[in-house]
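Here is how names work: the chains are called A, B, and so on, in the same order as the sequence lines, proteins then strands, and each is numbered from 1.
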Amino acid sequence: MAGRMCLNLLSRESSFARRGSSRDRSSSRPNSPSGLSRAGGLVEASLYYARSQSKSLSKRCFLAMPAYHFQRIEAKWRAYWERNKTFRTPDYVPGKPKLYVLDMFPYPSGEGLHVGHPEGYTATDILCRYKRMRGYNVLHPMGWDAFGLPAEQYAVRMGVHPRETTRKNIDNFRRQIQSLGFSYDWDREIDTTDPEYYRWTQWIFLKLFDTWYDPDFVWTDEAGRTIRGKGRPIAELPIPEGVDDVHSYRDARRLAYRAQAPVNWCPELGTVLANEEVIDGKSEIGGHPVVRMPLNQWMLRITAYADRLVEDLELVDWPRAIKDMQRNWVGKSEGAEVDFPLAEGNRAGGNPVARREWSATPDDGTIRVFTTRPDTLFGATYMVLAPEHALVERITTADRREAIAAYRHAASLKSDLDRTDLSRTKTGEFTGAYAINPTTREPIPIWIADYVLMGYGTGAIMAVPGHDERDFAFAIKFGLPIRRVVAASLDQADSPLGAAFVEAGIAVHSSNDSVSLNGMDTNDAKRSITAWLADRGLGRKAVNYKLRDWLFSRQRYWGEPFPILLGEDGSIRSVDETELPVLLPDLADFKPSGRPEPPLGKAVDWVRYSDSYRRETNTMPQWAGSCWYYLRYIDPHNLEAPWDKTLENQWMPVDLYVGGAEHAVLHLLYSRFWHKALYDRGLTSGPEPFHKLVNQGMILGETEYTAYRTESGKLVSADCVEDLGGGLSARIGSEQTIVHAIKVESEHVIKQGDAFVLASDGSIKVDARAHKMSKTRGNVVNPDSVVKDFGADSLRLFEMFMGPLEAVKPWSMKGVEGVYRFLGRAWRMIVAIEHEDVRLDPRVQNVEPTPLQAKITARTIAGATEDIEAMRFNTAISKLMEFVNAFTGFEIRPKSSIEAFTLLLSPFAPHLAEELWELLGHQQSLAYEPWPDYDPKHLIDETIEIPVQINGKLRGRVVVAAGLDREGIEIAARNDPRVASLLDGKTVKKAIVVPGKLVNFVVSEASPE
RNA sequence: GCGAGAGUGGCGGAAUUGGCAGACGCGCGGGACUUAGGAUCCCGUGCCGCAAGGCGUGAGGGUUCGAGUCCCUCCUCUCGCACCA
């Protein structure tokens, strides 16, 4: 039976298709928006229907013509916008305020777009379309972040040049993005791999190379802010007397410098990685192991800007979480540096803690430490050096040499992963040497241990086991003395320490013949002891950062070449600006060697610049291009400069920046750093690039129900299942059994209490959750298929209707159908469906709205406008739905209301709205039509319904005049029959009347009868 | 462990400053139109209850005439950081 039905349908469809195609030839342009012949509409529409929807929606009726044919409509208006350059943004329009709305540009992967991309893009597009109608000159560009590892890895795997794959991927991304009808100014499209783009990336690098940071320079910027510290031209760097090698002196102080540094080498990826790209000792991309090795690398001195990067977070309107992450990443901590003299130096005689001058670098006989708790100095009972610390070799005593060497060797083999991931059991070795605690003058043993990191502070610590958890654990393990020097109160000065007491408190047992901290609170104690140390040249206030300088070179092919020449004599020279861009040489073999020599070394002719200079063969990391792309959009075709300064001043800062939270500390910190360096050099007009930042939440796959089954087929309740690393297992009785996950359809699951269980067996709990979309899970939703089945407008609408933009939320195909139905209802509200051609529904008439209609229209305009301004697109859409629900019930639909609705709909579903706008008799695109207005008087009700409560419980409702006073409302409430009967015989102790809100009678429980 | 955020129907989610909990959509139930309906339209739908009514915003306590919203304690989940001295 079903089969026959199908056959019928198919034959009907194919006859339509035949008819369509014969007409097709005679009509000049089926997609021509201007050529929407009213008579041709039917044929055209059915042609599209039969062709493209037959598979997915074949059973949907199309006899009631013309239904909502999104494919015809969307193709038509995309072509219209493109042909008319509707969204081309003039550099400047007199009288129009500017608005710069930026999306994080995508990395064009081979996978194509996923539904997460259009989430942020739709949000910004809605806002841009809205603001254009509000009279703003809106800059809304798009481009491609196309250098980087994945393209190269893919190219290596497939044996195609990355230039080819990149071009193909960009074309595909552009096609997909354009299919969603975003109002980008495509004339401003940029591509970071375009030599005309990366020429300027190299140019900015040269600026960084030409800049040194003067931390004490106090200056006032154009906004009148006083700033301490400035990046200044290297030519202004003062060269001290007695410096012969000016070149080396300068090179060591540039913002871009070469240094031999221990780096994160990832053999699998064949490149070094920045600290930010290493997670738990593994590469962020791919999760490959990373080892530390010393290499000569390009570094960017981001640490010079650490303070300003933190302070200037005050200037921007960003989510608190992102600001916290950045602050955390910079990791500023204030404390003191303290010098501990080695005890061996003492043998020569003299006072080890005699008054002396503080030296910039500690001498051989001194271990310098950084501490945030100088107030606990009296409790330092031993010291620990990082295994890599330079002094270890020298101070280790002969009898400890072997053990120390073994420990250092073992530590060097450990990857960062081993050092952090393994249980926090402390290991270490005693060096045999002692240092002198400058406060107690006691000799204290010096250990090495890998819980002290060479990369932070001075690579050495004073260990205060009484007041630091790590030191406590170490002291317990190795039997080192633990001394209390802080107590919660004075009477606890001698109470034993069962664990480290790390909070602030009162200093105890902290005095010698020249200083006493006893009785001071922690803050005072810090100040006092720091002053005492400074006075003796033994210490000083100090600030430390977790932030490291940015490792900026990669041993890869697909990146920007450095505009740098290396001399035979080891000198470094920049390429002349006029020689930019330094083109990436064509290489047939661009595979990484697996060793730290970059593939560019294979371009022998390219490398050889002259007899005495060869080119730098490292390339820049992927972040380089994205650090400044927002500036290039402003002036994308400028051949003379990266951007015109007047234009920069006019457009910057970016007013709204929308993208994923995964860039919280990488891209967003790096680009702020570049922007500040450019600012210091007078190249940008403000200190911060992005004023308001919004992170869209991740879109998860559809909610899945998972049950668990043992290998013998027995079902196991989900709360017994645990993941013990290797795989899933369940505890049944006393036995541990391997289990497997099986997918359960939602109709076989019911809710019981707060858990889901199998409908067939309530004792078997089932996991219900949405997972991240991934290829392996097979839950990835392809926007192309959504566009094909439901149209771009439906996709856009659903992306916004799912929930708040910032929230993580699961995808739902049913939800897409829901908004698709809404668009269909909107269409049928305006378009006559009983005719064969596309024409206005006769109920849409040029008449005055009724008071009710005027009220609904005004409310919809007011509500939707407010919601769009606040980026609450989900509730804005629900208000449009309410409008449609109301107006489809009206037999007469005033054109003015219908037009207002169409304009309100247009930012969300622009294709459909343009089509309706044309149908309503307008010749031009609605893109610049003024946003609908309303008379506020329609928002005010003449009568309102007020809830009446008795003892806080809703007992009735009364309708009263809107402006009625308290007494009037109370009388009305008392007169409500139901309320009156409930109040009968009871004593009203109090009547709370909130005009316009509610009435609450407080009555005594017992009635005095 | 530290930091941030979030827990509301079967599901996604609404709910100015404390003032009618559950807008809107999905799903589900019923009906209409139909040869047919996975189209469309109409009605219903937090839970318990025949009803009257009662109970309901993770749990417990508090403030208040009144708490999803404010305060305290706890639980769960998500994200970020994680031996940073």
Side-chain angles (χ1 to χ4, degrees), chain A residues 1 5 8 57 59-64 67 279-280 319-325 327-329 331 333 335 369-373 384 419-420 424 426 449-453 455-458 460-464 468-471 473-474 544-547 661-662 664-665 697-698 703 746-747 749-751 754 756 768-770 798 801-804 806-819 821-822 824-825 828 833 866 872 874-875 877-882 885 888-889 945-954 956-957 989-992 994 996-1003:
Chain A
M1 194 176 76
M5 243 170 63
N8 278 342
L57 300 172
K59 286 176 193 159
R60 215 160 264 169
C61 179
F62 50 82
L63 292 177
I279 314 280
D280 291 338
R320 167 205 275 277
I322 302 294
K323 287 190 181 184
D324 283 349
M325 277 191 234
R327 269 188 216 106
N328 213 322
W329 193 263
S333 45
V369 301
F370 173 74
T371 176
T372 54
R373 292 295 301 274
V384 186
R419 274 172 84 147
T420 56
R424 295 278 158 90
K426 298 285 181 287
D450 63 7
Y451 82 90
V452 173
L453 308 174
Y456 184 78
T458 60
I461 61 156
M462 65 176 208
V464 184
D468 180 282
E469 277 163 16
R470 295 150 301 178
D471 298 343
F474 193 82
N544 240 296
Y545 301 92
K546 282 200 266 183
L547 184 70
E662 66 272 20
V665 288
M698 201 192 317
T703 304
S746 61
E747 59 262 35
V749 167
I750 52 166
K751 188 139 189 186
D754 54 0
F756 284 91
R769 59 176 295 180
F798 181 64
F801 188 61
M802 291 167 83
E806 299 88 341
V808 177
K809 41 209 179 284
W811 185 261
S812 158
M813 242 9 172
K814 285 287 186 191
V816 181
E817 282 185 49
V819 294
R821 278 201 286 265
F822 159 67
R825 282 203 308 280
R828 289 190 300 274
I833 55 166
E866 221 174 87
R872 291 188 302 253
N874 53 332
T875 51
I877 293 168
S878 72
K879 277 160 193 147
L880 297 178
M881 289 173 167
E882 286 177 283
N885 290 345
T888 45
E945 196 184 58
I946 287 185
V948 183
Q949 299 180 337
I950 295 173
N951 284 344
K953 283 184 180 148
L954 184 68
R957 293 189 173 90
K989 293 204 293 192
K990 201 171 173 186
I992 287 124
V994 185
K997 292 281 189 192
L998 60 35
V999 180
N1000 187 11
F1001 293 110
V1002 184
V1003 303

Ignoring the backbone of A:M881, work out which of B:G19, B:G25, B:C83 is nearest its side chain. B:G25
Should B:G19 form a Watson-Crick or G-U wobble pair with both distances under 3.5 Å, which nucleotide is its partner? B:C65
Round to a whole Å and report the spacing from CZ of A:R320 to C1' of B:A6. 14 Å
A:M325 has a side chain; which of B:C41, B:G80, B:C65 sits nearest to it? B:G80
Tell me whether A:K426 forms a cation-pi arrangement with A:Y451, defined as NZ or CZ under 6.0 Å from the six-membered ring centre and within 45 degrees of its axis. yes
Is A:R769 near enough to B:C11 that one of its side-chain N or O atoms lies under 4.0 angstrom from OP1 or OP2? no
Applying a 3.5 Å limit to both distances, which nucleotide forms a Watson-Crick or G-U wobble pair with B:G53? B:C48
Of all the choices, B:G12, B:G19, B:C83, which nucleotide is nearest to the side chain of A:P810 once you look at every atom? B:G12
Taking only side-chain N and O atoms of A:R327, does any of them lie within less than 4.0 angstrom of OP1 or OP2 on B:A4? no
To the side chain of A:K809, which of B:G13, B:C81, B:G5 is closest? B:G13
Which comes earlier along RNA chain B counting from the 5' end, the contact point of A:E945 or that of A:T888, where each point is its nearest nucleotide? A:E945
Nearest to side-chain heavy atoms of A:A321, which nucleotide of B:C41, B:A4, B:A23: B:A4
Between CG of A:N885 and CZ of A:R825, what distance do you get to the nearest 0.5 Å? 5.0 Å
Reckon A:P319 touches a base, only the sugar-phosphate, or nothing at all at heavy-atom distances under 4.0 Å? nothing
Checking only heavy atoms, does the side chain of A:K879 share a donor-acceptor pair with the base of B:C24 at less than 3.5 Å? no
Please give, in whole Å, the distance from B:C24 P to A:R821 CZ? 15 Å
When the P atoms of B:G49 and B:C28 are considered, how many whole Å apart are they? 23 Å
Testing A:V816, A:T875, A:V819 for side-chain contact (heavy atoms from CB on, under 4.5 Å) with A:F801, which one passes? A:V819
Closest-nucleotide 5' rank along RNA chain B - winner of A:I992 and A:N544: A:I992
Per A:S333 side chain, nearest of listed nucleotides B:A15, B:G27, B:A85: B:A85
Whole Å only: how far is the NZ atom of A:K814 from the C1' atom of B:G12? 14 Å
Using the C1' atoms only, state how far B:C2 lies from B:G62, rounded to an integer number of Å. 29 Å
P-based separation of B:A82 from B:U17 [nearest Å]: 37 Å
Please classify the nucleic acid contact of A:G818 as base, sugar-phosphate, or nothing, using heavy-atom distances under 4.0 Å. sugar-phosphate
Just call it for A:N885: base, sugar-phosphate, or nothing, with non-hydrogen atoms closer than 4.0 Å on any strand. sugar-phosphate
Out of B:C20, B:C24, B:G10, whichever nucleotide has its closest atom nearest the side chain of A:S878: B:C24
Which pair of heavy atoms, one from A:M462 and one from A:V369, lies closest together, and at what distance? N-CG1, 3.6 Å
If you measure from CZ on A:R957 to CD1 on A:I946, what distance do you get to the nearest 0.5 Å? 12.0 Å
Any strand is fair game: report the nucleotide pairing with B:U40 by Watson-Crick or G-U wobble, both distances under 3.5 Å, or none. B:A32
Roughly how far apart, to the nearest Å, are B:G61 and B:G66 at atom P? 16 Å
What's A:N1000 touching, base or sugar-phosphate or nothing? Going by heavy atoms closer than 4.0 Å. base
Would you indicate which nucleotide in B:C20, B:C83, B:A82 comes nearest to any side-chain atom of A:D450? B:C83
Whole angstrom is fine here: how far is it from NZ in A:K997 over to P in B:U64? 22 Å
Has A:N544 got a side-chain atom pairing as donor or acceptor with A:S333's backbone, closer than 3.5 angstrom? no
Expressed in whole Å, how much space separates the P atoms belonging to B:C48 and B:C43? 24 Å
Which nucleotide in the list B:A14, B:G10, B:A85 gets nearest to the side chain of A:T875? B:A14
With a 4.0 Å cut-off on heavy atoms, is A:V994 in touch with a base, just the backbone sugar-phosphate, or nothing at all? base
By the 4.0 Å heavy-atom rule, please label A:N874 as base, sugar-phosphate, or nothing. sugar-phosphate
How long is the line joining CG of A:N328 and P of B:G80, in whole Å? 13 Å
Rounded to whole Å, please give me the gap between CG in A:D471 and P in B:C83. 15 Å
Mate of B:A6 across any strand shown (Watson-Crick or G-U wobble, both atom pairs under 3.5 Å) is B:U76
Nearest-0.5 Å distance, CG of residue A:D468 to CD1 of residue A:I461: 6.5 Å
Mind checking the P distance from B:G80 to B:A15? Whole angstroms is fine. 27 Å
Using modelled atom types and a 3.5 Å cut-off, is there a donor and acceptor pairing between side-chain atoms of A:N951 and backbone atoms of A:V1003? yes
Expressed in whole Å, how much space separates the C1' atoms belonging to B:C50 and B:U63? 41 Å
Can you measure A:E866 atom CD to B:A15 atom P for me and round it to whole angstrom units? 11 Å
Considering only the C1' atoms, how many Å lie between B:G19 and B:G53, rounded to the nearest integer? 24 Å
Could you check how far NZ of A:K751 sits from C1' of B:G10, rounded to whole Å? 8 Å
Looking only at B:C65, B:C24, B:G10, the nucleotide nearest the A:E882 side chain is B:C24
Applying a 4.0 Å non-hydrogen cut-off, can you work out what A:T372 is touching in the nucleic acid: base, sugar-phosphate, or nothing? sugar-phosphate
Using modelled atom types and a 3.5 Å cut-off, is there a donor and acceptor pairing between side-chain atoms of A:K990 and backbone atoms of A:N1000? no
Syn or anti for B:G9? Use the chi torsion, O4'-C1'-N9-C4 for purines and O4'-C1'-N1-C2 for pyrimidines, with syn inside 90° of 0. syn
